[in-house]
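Just so we're clear, the structure is a prediction, and the values are computed from it rather than from any experiment. First the proteins, then the strands, lettered A, B, ... as listed; each starts at 1. For the numbers below, each heavy atom of this structure counts, side chains included, while hydrogens, waters and symmetry mates do not.
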Protein chains: 2
Amino acid sequence: MKSTDRMDIKNERLKFERHLKEKGLRLTTGRQIVFDEVMHAHGHFAPEELVKQCHQNKRRVSRATIYRSINELLEAGVIRKTAFGEKHQHFEHIYDEKPHHHAKCLHCGSYIEFPDLGEDKVYKPYLEKEGFQVIGHEMHFYGICRKCQ
Amino acid sequence: MKSTDRMDIKNERLKFERHLKEKGLRLTTGRQIVFDEVMHAHGHFAPEELVKQCHQNKRRVSRATIYRSINELLEAGVIRKTAFGEKHQHFEHIYDEKPHHHAKCLHCGSYIEFPDLGEDKVYKPYLEKEGFQVIGHEMHFYGICRKCQ
DNA sequence: CTAAAGATGATACACTATCTCATATGAAGT
DNA sequence: ACTTCATATGAGATAGTGTATCATCTTTAG
Ligand SMILES: [Zn+2]
Ligand SMILES: [Zn+2]
Ligand SMILES: [Zn+2]
Ligand SMILES: [Zn+2]
């Protein structure tokens, strides 16, 4: 882990604490565990994957708390939700990520990421003319990955 | 309904029949009902909505058959799946639609559609350089709609 | 120390989608 | 028309994800 990562995580932690304070919530052991496990998740994760990860790492925290904390992290802007067209939600932490999108292999289910090239610039004026106030966007490509050709 | 719509639907029907034939499946009453209801669904629909719609219209077809037929329609290219970041799947028929994307209001949950401006042209070369063969893409904006401002 | 607010975990619940399997249906051959 | 057999269907079971409930525990404030 690079030292910049440690700084980034610290920064995310502050964001989380600020959010909790604003809502009058406490930074409890359970929430710390979830924060920690989320920060160390590799790439995207589904809530149930995080439940397993916590269990494997012998972190004593319940499923309910994990789900609840994930939602707090989302509200705090520490993670973001990504819709992959599947039946469950996906999240990823934001701290060491550049704005990017995802391309999914329809064969093996893997993802590759690629940078955001700012296409929202083109669409924003159109949507705003329609009276729609844009907060964000995501783009999903799908196809066949290199390995599966 | 415009006459062009009728032609479009007929065309979709042929596509469906061709697909079934290729898979050695029959165009049964159940599949006809689902095809029909899907064609007359207004905009996007979730499978469970279609189940309700069929029930309201007194079409005697089971939930299982509806789900199964939806998947056949998907494979036949008559409908497409769209991930709206929700917990269930969404579909929409293709026949009278121009390529478009969706913007979701985070407040009331409604959608507006807007035309595809061809941003995939910019991304395809990048992804193909990575060895990823692009089949398609979708883009989701989210924000606040005119009514909810 | 006490009271109030908040947090947790176990469990129940709701919902979506799929699977199973017994029965029904349709196409083809005799 | 009768038989055969692959396919289709419906009812209900099952699996998976996420939320709601509520009794119990913990923290904070006074
Ligand atoms: Zn692949
Ligand atoms: Zn990503
Ligand atoms: Zn709205
Ligand atoms: Zn649409």
Side-chain angles (χ1 to χ4, degrees), chain A residues 16-38 41 44-55 57-76 79-91 109, chain B residues 16-38 41 44-55 57-76 79-91 109:
Chain A
F16 189 33
E17 287 175 18
R18 214 177 303 132
H19 166 77
L20 291 176
K21 199 156 207 172
E22 272 175 21
K23 283 189 71 178
L25 305 176
R26 302 176 193 138
L27 178 55
T28 58
T29 314
R31 293 191 174 121
Q32 284 183 51
I33 290 173
V34 176
F35 175 87
D36 208 53
E37 293 294 326
V38 163
H44 317 104
F45 65 91
E48 291 295 328
E49 290 165 12
L50 202 66
V51 172
K52 282 197 199 95
Q53 184 181 318
C54 285
H55 190 252
N57 296 351
K58 309 281 185 218
R59 317 294 299 234
R60 215 170 301 105
V61 61
S62 73
R63 222 168 70 96
T65 296
I66 292 172
Y67 271 88
R68 284 191 278 243
S69 298
I70 285 174
N71 282 327
E72 297 300 337
L73 287 169
L74 189 63
E75 284 187 21
I79 59 179
R80 60 181 185 141
K81 196 193 288 200
T82 308
F84 285 135
E86 294 172 10
K87 276 163 261 162
H88 51 268
Q89 304 175 354
H90 266 87
F91 301 89
Chain B
F16 189 33
E17 287 175 19
R18 213 177 304 132
H19 166 77
L20 291 175
K21 198 156 207 171
E22 273 176 20
K23 284 188 70 176
L25 305 176
R26 302 177 193 138
L27 179 54
T28 57
T29 315
R31 291 189 175 126
Q32 283 184 54
I33 290 173
V34 176
F35 175 87
D36 209 51
E37 293 293 327
V38 162
H44 317 105
F45 65 91
E48 289 297 325
E49 290 165 14
L50 201 68
V51 171
K52 282 197 199 95
Q53 183 181 317
C54 287
H55 190 252
N57 296 352
K58 309 279 185 220
R59 318 290 293 213
R60 215 171 300 105
V61 62
S62 73
R63 228 165 67 93
T65 297
I66 292 172
Y67 271 89
R68 284 190 278 241
S69 298
I70 285 174
N71 282 328
E72 296 301 338
L73 287 170
L74 189 64
E75 283 186 21
I79 59 178
R80 62 182 182 137
K81 196 192 287 201
T82 309
F84 285 136
E86 293 172 10
K87 276 164 259 162
H88 50 268
Q89 304 176 354
H90 266 86
F91 301 89

Checklist entry - Among all residues two or more places apart in sequence or in another chain, which pass the side-chain contact (heavy atoms from CB on, under 4.5 Å) test with B/S62? => result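 In terms of side-chain contact (heavy atoms from CB on, under 4.5 Å), with neighbours along the sequence ignored, B/S62 is linked to B/A64, B/T65.
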Whole angstrom is fine here: how far is it from [atom1] in [X] over to [atom2] in [N]?
X: A/F45; N: D/dT17; atom1: CZ; atom2: C1'; result: 15 Å
X: A/E49; N: D/dG18; atom1: CD; atom2: C1'; result: 15 Å
X: B/L20; N: C/dG26; atom1: CG; atom2: C1'; result: 15 Å
X: B/I70; N: C/dT16; atom1: CD1; atom2: C1'; result: 12 Å
X: A/K21; N: D/dT28; atom1: NZ; atom2: P; result: 11 Å
X: B/E48; N: C/dA14; atom1: CD; atom2: P; result: 15 Å
X: B/K81; N: C/dT16; atom1: NZ; atom2: P; result: 15 Å
X: B/Q32; N: C/dG26; atom1: CD; atom2: C1'; result: 13 Å

Item to check | pair A/E48-A/R63: side-chain heavy atoms closer than 4.5 Å | outcome: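 Yes. Closest side-chain heavy atoms under 4.5 Å.
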Item to check | Test item: B/I70 and B/I66 side chains (from C-beta on) under 4.5 Å apart, heavy atoms | outcome: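 B/I70 vs B/I66: side chains touch.
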Next on the checklist: As an exercise, state the distance from CG of B/L50 to OG of B/S69, rounded to the nearest 0.5 Å.
Outcome noted: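 Going from CG on B/L50 over to OG on B/S69, the span is 9.5 Å.
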Next on the checklist: Using 0.5 Å steps for rounding, measure from the CZ atom of B/R80 to the CG atom of B/L73.
Outcome noted: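 Here the interatomic distance stands at 15.0 Å.
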Item to check | Phosphate OP1/OP2 of D/dG18 contacted by A/Y67 side-chain N/O (<4.0 Å) | outcome: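 Indeed, a polar side-chain atom of A/Y67 lies that close.
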Could you give the side-chain donor-acceptor pairs of residues 16-27 of chain B under 3.5 Å, partners two or more places apart or in another chain?
from  : atom 1 : to    : atom 2 : distance (Å)
B/E17 : OE2    : B/R13 : NE     : 3.1
B/H19 : NE2    : B/E72 : OE1    : 3.0
B/K23 : NZ     : B/E75 : OE1    : 3.2

Polar atom pairs between nucleotides 3-10 of chain C and protein, under 3.5 Å, N or O only, would you list them?
from  : atom 1 : to    : atom 2 : distance (Å)
C/dA5 : N3     : A/R26 : NH2    : 3.4
C/dG6 : O4'    : A/R26 : NH2    : 3.3
C/dA7 : OP1    : A/R26 : N      : 2.8
C/dA7 : OP1    : A/R31 : NH1    : 2.6
C/dA7 : OP1    : A/R31 : NH2    : 3.4
C/dA7 : O3'    : A/T28 : OG1    : 3.4
C/dT8 : OP1    : A/T28 : OG1    : 2.5
C/dG9 : OP2    : A/S62 : N      : 2.9
C/dG9 : OP2    : A/S62 : OG     : 2.8
C/dG9 : OP2    : A/T65 : OG1    : 2.7
C/dG9 : N7     : A/R68 : NH2    : 2.8

